[in-house]
K.L.:
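This is the structure I have questions about; it appears just below.
Proteins get letters first, then strands, A, B, ... in listed order; numbering begins at 1 in each.
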Amino acid sequence: MELAIFVLLAGTALGSAILVVFHRNPVSSTMSLVVTLVATAGLFLMLGSPFLAALQILLYTGAILVLFLFVIMLLNVRRERTIHSRAPGLTWGAAICSAIFAGATMRLFWAAYATAPTPPLDAEAFSLRAVARELFSTYLLPFEIIGLLLLVAVVAASWIAKRPGPGEPGEVP
Amino acid sequence: MTPSVLATAALMGVWLFTLINVTPIMLWLERRAPAFMQDRLGPNRLGPLGLFQAIADVLKFIFKEDVNPAGADRTLFLLAPTIGFVASLLTYLVIPFGPVVEIGGHSFPLVVIDSDNGMLMFLALASLSVYGLVLAGYSSNNKWSLMGGIRASAQMISYELALALSVLAALIPAGSLNLTRVVEHQVGHTLLGAIPAWGVFVQPLGFLVFLVAAFAETNRLPFDLPEAESELVAGYHTEYGGLRMALFYMGEYQSMAILSALASTLYFGGWTIPFVDITSVGAWIAGLPGVGDLIGTGLATALVGFTVLMVKTYAFLFFFIWVRWTFPRFRYDQLMRLGWKVLLPLALVNFIAIAALAVAGKV
């Protein structure tokens with residue numbers, strides 16, 4: 001039963017991830033990404049962490065991908081005419097990148113499973129309380145730095161988006 | 001089938017029946033109530049008080065033609081109403097309507113998912129319902145629909161922030177994301193020894209922000225810009241008819257009902273009555289002559305809790321209708337200004353104040 005659910009969720013995640021890349025319509029690609037992320041949230045649930053699953057759906061599917069859709073619809077991106085771009089070096093570049101990624105993944109699994117199987121993680125370590133305590137004690141400084149970084153990005157973005165008033169530098173005639 | 005599986009199935013059945021029936025009740029209420037507000041009669045011919053008008057409305061939805069517009073993205077067009085409907089339907093899973101009751105020698109919590117991540121799950125599932133509107137707008141191949149979809153995505157993301165922040169502040173006194181704990185905390189304490197410690201008395205500002213954001217999240221007037229009929233024909237559902245259109249209506253009424261139930265739970269003590277223990281009310285009902293043979297104390301308590309929560313929920317639903325027929329629609333820039341420059345700072349102020357009070361041990 002558990003294996004069947006895992007295969008279903010993992011298969012859905014992989015299948016829709018492939019669709020994200022190969023679908024010609026950008027909105028359909030985004031929706032495939034939504035399916036991938038929801039399936040991954042299901043995998044988190046199976047691993048005994050409803051907290052991570054809820055965060056995954058709330059942040060990625062509920063907010064970030066809606067913004068993707070917003071931008072795609074606002075720019076009115078047309079569907080692509082061909083799946084593959086004809087740029088000559090692209091195939092080779094993709095092959096090399098895939099090889100490097102596959103190698104790195106294999107190395108990671110090798111390191112994790114070659115010597116001894118990793119013991120299953122304690123679900124309690126990924127509960128809301130445990131994550132919050134770690135985030136606000138051990139990782140407080142990185143957490144604050146990331147917050148500051150995001151603030152800087154927001155300020156910069158709103159400065160760029162601001163239309164300069166008459167007489168100000170950067171005014172578009 | 002173990003008793004707990006049966007109990008969960010029964011709870012889900014009760015909730016589904018309640019939520020599906022919100023739509024016909026609201027269809028009737030939304031015709032009759034504004035009629036009396038405007039000194040008219042409203043539909044009063046079909047059945048007592050015009051109650052069967054809802055049945056006529058449903059029949060009309062079923063028999064209308066199901067149109068597929070030319071050039072529409074067919075898959076997404078058919079999928080969109082279902083996504084919005086299902087996402088708004090699932091959020092009931094974490095809302096409790098009673099204490100732990102004992103039925104037939106087993107104890108059951110009267111909530112489907114009794115989880116410490118309950119509120120997060122609610123927000124996660126609720127955040128998915130925007131896809132129904134956005135995809136409907138995109139896939140219809142209609143500029144009015146597209147405008148409505150774009151408005152819906154921007155509006156719902158903007159107001160989700162204020163909503164989530166006010167909800168978080170409401171959870172601070174109980175110190176838990178489990179809504180059962182939140183309700184128990186509101187009953188277990190009093191303010192100044194006389195007022196029940198309902199969220200609305202502890203944080204009136206947070207409640208105000210929640211209420212306004214809830215109107216925006218459900219696209220109700222004065223925030224119904226995604227379907228503003230004077231500018232966009234019908235907005236995101238311009239091209240829909242028949243039952244698919246009905247699914248959008250049902251999704252909207254369900255989200256209103258569930259947000260109302262959530263508001264009752266977070267700010268008005270949920271299934272509890274101030275200063276009355278509903279378990280003793282349940283015991284009193286079960287002790288009435290002739291009743292005790294039919295239902296035990298546990299089932300009677302569950303019924304009382306459910307009734308109390310529904311009374312509070314329908315009070316909010318009436319408020320939704322009342323506001324709809326009172327305020328005019330916002331302009332789009334006013335909507336964004338209200339969301340980002342008024343509600344969000346107010347929610348933050350409320351959050352910091354409640355957090356400070358909690359640290360000081362006052363709430």
Side-chain angles (χ1 to χ4, degrees), chain A residues 16 19 23-35 37-42 44-45 48-79 123-124 126-133 136 154 157-158 161, chain B residues 73-77 79-80 83 86-87 90 93-94 113-141 143 145-158 160-161 163-164 167 171 175-178 217 236 340:
Chain A
S16 47
L19 272 183
H23 214 292
R24 295 181 185 193
N25 184 344
V27 170
S28 297
S29 279
T30 316
M31 286 318 291
S32 306
L33 192 52
V34 169
V35 175
L37 290 171
V38 172
T40 321
F44 282 143
L45 268 184
S49 181
F51 172 58
L52 278 187
L55 272 196
Q56 164 107 343
I57 292 184
L58 182 62
L59 295 180
Y60 283 95
T61 349
I64 295 178
L65 286 184
V66 178
L67 279 183
F68 278 25
L69 274 186
F70 179 71
V71 171
I72 290 172
M73 283 165 62
L74 204 63
L75 298 180
N76 203 6
V77 182
R78 298 285 166 193
R79 95 186 358 232
E124 199 48 42
F126 286 95
S127 72
L128 179 63
R129 273 176 209 284
V131 170
R133 196 166 289 133
F136 288 106
V154 167
S158 49
Chain B
D73 189 324
R74 209 179 137 72
T75 323
L76 292 179
F77 184 77
L79 207 59
I83 293 180
V86 173
L90 283 179
L93 288 167
V94 297
I113 300 182
D114 191 16
S115 163
D116 280 340
N117 299 306
M119 199 55 230
L120 264 182
M121 286 183 188
F122 182 99
L123 289 174
L125 288 169
S127 68
L128 289 183
S129 60
V130 63
Y131 281 106
L133 279 61
V134 175
L135 288 180
Y138 171 79
S139 63
S140 298
N141 190 29
K143 56 187 164 205
S145 301
L146 188 70
M147 290 292 290
I150 292 175
R151 283 183 177 186
S153 58
Q155 171 178 337
M156 287 172 88
I157 285 193
S158 305
E160 214 168 74
L161 279 173
L163 187 84
V167 164
L171 299 172
S176 171
L177 293 184
N178 190 334
E217 283 291 304
Y236 62 92
W340 289 101

K.L.:
Taking side chain as C-beta onward, heavy atoms only, is B:L125 less than 4.5 Å from A:I57?
P.N.:
no
K.L.:
Would you mind telling me which of A:V27, A:L69, A:L128 has the largest number of heavy-atom pairs within less than 4.5 Å of chain B?
P.N.:
A:V27
K.L.:
Which answer fits B:V130, side chain, backbone, both or neither, if we ask what part of it has an atom under 4.5 Å from a heavy atom of chain A?
P.N.:
side chain
K.L.:
Identify the two heavy atoms, one from B:A124 and one from A:A54, that lie closest to each other, and give their separation to 0.1 Å.
P.N.:
CB-O, 3.5 Å
K.L.:
Grab the two heavy atoms, one from B:I157 and one from A:A63, that are nearest each other, plus how far apart they are.
P.N.:
CD1-O, 3.5 Å
K.L.:
Is it the case that the side chain of B:Y131 and the backbone of A:T61 share a donor-acceptor pair, with hydrogens and angles ignored and the cut-off at 3.5 Å?
P.N.:
yes
K.L.:
Between B:I150 and chain A, which part of the residue has a heavy atom less than 4.5 Å away: side chain, backbone, both or neither?
P.N.:
both
K.L.:
With a 4.5 angstrom heavy-atom cut-off, could you sort out which part of A:L67 is near chain B: side chain, backbone, both or neither?
P.N.:
both
K.L.:
Side chains of B:Y138 and A:N25, heavy atoms from C-beta outward: is any pair under 4.5 Å?
P.N.:
yes
K.L.:
Decide yes or no for B:L135 and A:M31: does some side-chain heavy atom of the first lie under 4.5 Å from some side-chain heavy atom of the second?
P.N.:
yes
K.L.:
Using non-hydrogen atoms only, which part of B:L79 is less than 4.5 Å away from chain A: side chain, backbone, both, or neither?
P.N.:
neither
K.L.:
Could you check which of A:L59, A:L65, A:V38 has the highest count of heavy-atom pairs closer than 4.5 Å to chain B?
P.N.:
A:L65
K.L.:
Counting only heavy atoms closer than 4.5 Å, note whether B:L123 contacts chain A via side chain, backbone, both or neither.
P.N.:
both
K.L.:
Side chain from CB out, backbone as N, CA, C, O: work out which of these in B:L177 comes under 4.5 Å of a heavy atom of chain A, or both, or neither.
P.N.:
side chain
K.L.:
Restricting to non-hydrogen atoms, name the atom on A:G62 and the atom on B:S127 that form the minimum distance, rounded to 0.1 Å.
P.N.:
CA-OG, 3.4 Å
